[in-house]
Amino acid sequence: MQLKDQVALVTGGGSGLGRAIVERFVQEGARVAIFDRSQERIDEVRKVLGDKVIGVAGDVREMADNKRAVSECVKAFGQLDTFIGNAGVWDYSKSMVTTEEDALSAAFDEMFAINVKGYVLGAKAALPELYKTKGHMIFTASNAAFYPGGGGVLYTATKHAVVGMIKQMAHEFAPHVRVNGVAPGGIGGSNLAGLNSLSQQGAKFSDLPLDDLMKQMLPLERAFHAPEYAGAYVFFANRRDNAPGTGGVLNFDGGIGMRGF
Ligand code: NAD
């Protein structure tokens with residue numbers, strides 16, 4: 001029970017990594033608010049976890065929705081200790097070379113609005129409550145925050161931006177709020193969505209041979225699934241174990257950068 005009596009808010013908590021974080025936080029004694037654009041996914045998680053969890057349906061690109069998620073969380077559970085920015089979309093590694101000129105501007109805006117602006121607005125909405133509890137922010141980055149080949153130019157740019165955002169927030173919010181990130185590698189079993197602006201609505205992440213690719217490419221020679229990544233978030237949210245840490249981003253990716261030549 002590393003998070004007993006703590007309260008967290010997880011964006012994108014209805015699926016994949018976010019859902020695994022929600023489940024693990026509840027196991028560790030926390031109560032959790034899920035903020036996700038899919039009411040159906042929220043309902044599925046609540047069916048399993050009951051009143052330890054509340055759900056707020058909304059879009060991370062909207063300031064009003066972010067504020068509503070924070071206020072519903074505090075109304076239900078009395079406080080907020082950890083804000084986890086996690087909702088994201090992918091570009092299905094769409095090459096810039098083959099992206100139509102006409103589509104590029106809208107694709108850039110959609111990708112940055114969800115993956116970067118969503119984190120910034122969520123942080124702004126959560127900040128007053130986190131000042132009160134001397135709490136934590138944790139953001140999901142990616143192997144694409146450090147290395148090429150984990151997405152296209154747009155996705156990779158957003159995840160690099162997240163690292164800079166984490167460092168500047170850690171600098172600005174100290175000594176009140178700690179800000180850290182987790183950079184997971186491939187997440188088998190996720191539903192990571194594509195960009196509407198690139199007509200990727202029909203793309204299914206689960207159709208990718210991700211498990212096989214991870215086994216072939218990673219120094220640790222195996223695939224990893226969402227629950228195996230969730231412990232890193234517990235560590236960063238744990239007040240006893242993460243007293244000194246702020247501004248850090250944990251490479252948690254099967255050793256993807258350790259391949260050598
Ligand atoms: P997922 O699609 O399974 O879960 C993301 C959730 O976010 C979904 O429930 C979706 O409804 C929600 N969401 C998306 N856009 C939203 C919006 N505008 N407003 C509110 N909710 C929104 O994906 P996942 O694989 O669990 O991805 C979670 C995070 O992990 C993302 O930031 C992603 O970039 C990162 N990541 C994923 C992988 C991978 O292999 N899947 C690898 C590294 C990093």
Side-chain angles (χ1 to χ4, degrees), residues 6 8-13 17-18 21 25 35 60-61 63 66 69-70 80-91 108-187 229-258:
Q6 297 223 16
L9 169 59
V10 183
T11 75
L17 175 58
I21 295 167
F25 269 50
F35 174 27
V60 295
R61 290 170 283 191
M63 190 71 220
N66 281 282
V70 171
L80 178 62
D81 299 283
T82 301
F83 170 75
I84 299 180
N86 168 76
V89 291
W90 197 40
D91 57 10
F108 180 97
D109 289 348
E110 185 182 3
M111 178 59 89
F112 272 79
I114 299 177
N115 287 15
V116 184
K117 186 168 82 174
Y119 284 2
V120 172
L121 299 186
K124 178 71 177 165
L127 199 56
E129 293 299 329
L130 295 177
Y131 262 66
K132 290 181 201 164
T133 56
K134 287 202 159 281
H136 299 256
M137 293 186 188
I138 309 167
F139 294 97
T140 299
S142 167
N143 53 286
F146 294 93
Y147 316 113
V153 167
L154 299 183
Y155 182 76
T156 302
T158 62
K159 291 301 183 180
H160 276 65
V162 166
V163 174
M165 183 205 76
I166 288 169
K167 289 180 185 170
Q168 184 61 28
M169 285 185 183
H171 171 72
E172 283 191 23
F173 304 161
H176 308 285
V177 176
R178 289 165 176 74
V179 186
N180 293 288
V182 178
I187 303 170
Y229 290 105
Y233 295 78
V234 175
F235 168 74
F236 278 127
N238 182 326
R239 289 176 186 274
R240 185 192 59 195
D241 291 332
N242 181 25
T246 196
V249 182
L250 180 65
N251 295 104
F252 211 48
D253 55 15
I256 202 165
M258 302 301 128

**Q** Please round to the nearest 0.5 Å and tell me the distance separating atom CD of Glu172 and atom CG of Leu127.
**A**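 One gets 9.0 Å once the value is rounded to the nearest 0.5 Å.
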**Q** Please indicate whether His171 has more than 12 foreign heavy atoms, meaning atoms of other residues, nucleotides or ligands, lying under 6.0 Å from its NE2.
**A**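 No, NE2 of His171 has 12 or fewer neighbouring heavy atoms, counting only those of other groups under 6.0 Å.
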**Q** What are the two closest heavy atoms between Gly150 and Trp90, and how far apart are they?
**A**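 Answer, listing the atom of Gly150 first, then Trp90: O-NE1, 3.0 Å.
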**Q** Measure from the side-chain N and O atoms of Arg178 to the backbone N and O of Ala243, and report whether any donor-acceptor pair falls under 3.5 Å.
**A**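 A pair under 3.5 Å: yes.
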**Q** What heavy-atom pair brings Lys159 and Ser142 nearest, and what distance separates the two atoms?
**A**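 Reported closest heavy-atom pair: CG-CB, 3.8 Å.
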**Q** Please determine which of His136, Arg239, Lys132 meets the side chain to side chain contact (heavy atoms under 4.5 Å, CB included) test together with Asp81.
**A**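 Of the listed residues His136, Arg239, Lys132, the side chain to side chain contact (heavy atoms under 4.5 Å, CB included) partner of Asp81 is Arg239.
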**Q** Any side-chain heavy atom of Phe235 within less than 4.5 Å of one from Ile138?
**A**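 SC-SC contact between Phe235 and Ile138 ruled out.
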**Q** Using the rule given for side-chain contact (heavy atoms from CB on, under 4.5 Å), can you reason through Val249 versus Phe139, listing the C-alpha separation, both sets of side-chain angles and the distance that settles it, and then say yes or no?
**A** CA-CA 9 Å; Val249 182; Phe139 294 97; over 6 Å; no
**Q** Any heavy-atom pair between the side chains of Ile84 and Phe25 that's under 4.5 Å?
**A**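 When only atoms from C-beta onward are counted, Ile84 and Phe25 do touch, with a gap below 4.5 Å.
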**Q** Once rounded to the nearest 0.5 Å, what's the spacing between atom OG1 of Thr246 and atom CG of Asn180?
**A**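 Going from the OG1 atom of Thr246 to the CG atom of Asn180 covers 5.0 Å.
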**Q** Can you name the closest pair of heavy atoms from Gly12 and Asn86 and give their distance?
**A**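 Minimum heavy-atom contact is O-ND2, 3.5 Å.
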**Q** May I ask you to test the Leu250-Phe236 pair for a side-chain heavy-atom distance under 4.5 Å?
**A**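 Leu250 reaches Phe236 side chain to side chain.
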**Q** Between Tyr119 and Ala87, which heavy-atom pair has the shortest distance, and what is it?
**A**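 Smallest interatomic distance, heavy atoms only, reads CE1-O, 3.6 Å.
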**Q** Would the distance check show the side chain of Tyr229 and the main-chain N or O of Gly186 forming a donor-acceptor pair, the cut-off being under 3.5 Å?
**A**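 Judged by distance alone, yes, a pair lies under 3.5 Å.
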**Q** Find out whether Leu121 and Val60 are in side-chain contact, i.e. whether some heavy atom of one side chain is under 4.5 Å from a heavy atom of the other.
**A**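 Leu121 does not reach Val60 side chain to side chain.
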**Q** Can you confirm whether Phe35 sits close enough to Asn66 that some side-chain heavy atom of one is under 4.5 Å from a side-chain heavy atom of the other?
**A**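 Phe35 reaches Asn66 side chain to side chain.
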**Q** Check the side chains of Tyr233 and Thr140 for a donor-acceptor pair under 3.5 angstrom, ignoring hydrogens and angles.
**A**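 Looking only at side-chain atoms, Tyr233 and Thr140 do form a donor-acceptor pair, the distance falling under 3.5 Å.
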**Q** Specify the closest pair of heavy atoms between Ile166 and Gly248, including all atoms of both residues, with the distance to one decimal.
**A**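 That closest heavy-atom pairing would be CG2-O, 4.3 Å.
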**Q** Shortest non-hydrogen contact from Phe173 to Met137?
**A**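 Residues Phe173 and Met137, closest heavy atoms: CE1-CE, 3.6 Å.
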**Q** Asp91: which residues meet the side chain to side chain contact (heavy atoms under 4.5 Å, CB included) condition with it, sequence neighbours left out?
**A**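 If we apply the side chain to side chain contact (heavy atoms under 4.5 Å, CB included) test to Asp91, skipping adjacent residues, the hits are Met111, Leu154, Tyr155, Leu195.
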**Q** Less than 4.5 Å apart, side chain to side chain, heavy atoms only: is that true for Phe146 and Val163?
**A**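 Phe146 vs Val163: side chains touch.
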**Q** Quick check: does any side chain N or O of Thr156 sit under 3.5 Å from a backbone N or O of Pro148, one acting as donor and the other as acceptor?
**A**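 Not confirmed, Thr156 side chain does not pair with Pro148 backbone.
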**Q** List the residues meeting side chain to side chain donor-acceptor pair (under 3.5 Å) with Asn115, not counting sequence neighbours, and say none if there are none.
**A**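 For Asn115 the side chain to side chain donor-acceptor pair (under 3.5 Å) partners, ignoring immediate neighbours, are Thr158.
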**Q** Using only atom types and a distance under 3.5 Å, with no angle test, would you say the side chain of Asn143 pairs donor to acceptor with the backbone of Ile256?
**A**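 Side chain of Asn143 to backbone of Ile256, a donor-acceptor pair under 3.5 Å: no, none is there.
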**Q** Applying side chain to side chain donor-acceptor pair (under 3.5 Å), name anything that partners Asp241, two or more places apart in sequence or on another chain.
**A**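 Asp241: side chain to side chain donor-acceptor pair (under 3.5 Å) contacts with Asn238.
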**Q** Count the heavy atoms belonging to other residues, nucleotides or ligands that lie under 6.0 Å from NZ of Lys124, then report whether that count exceeds 12.
**A**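 Incorrect, the count does not exceed 12.
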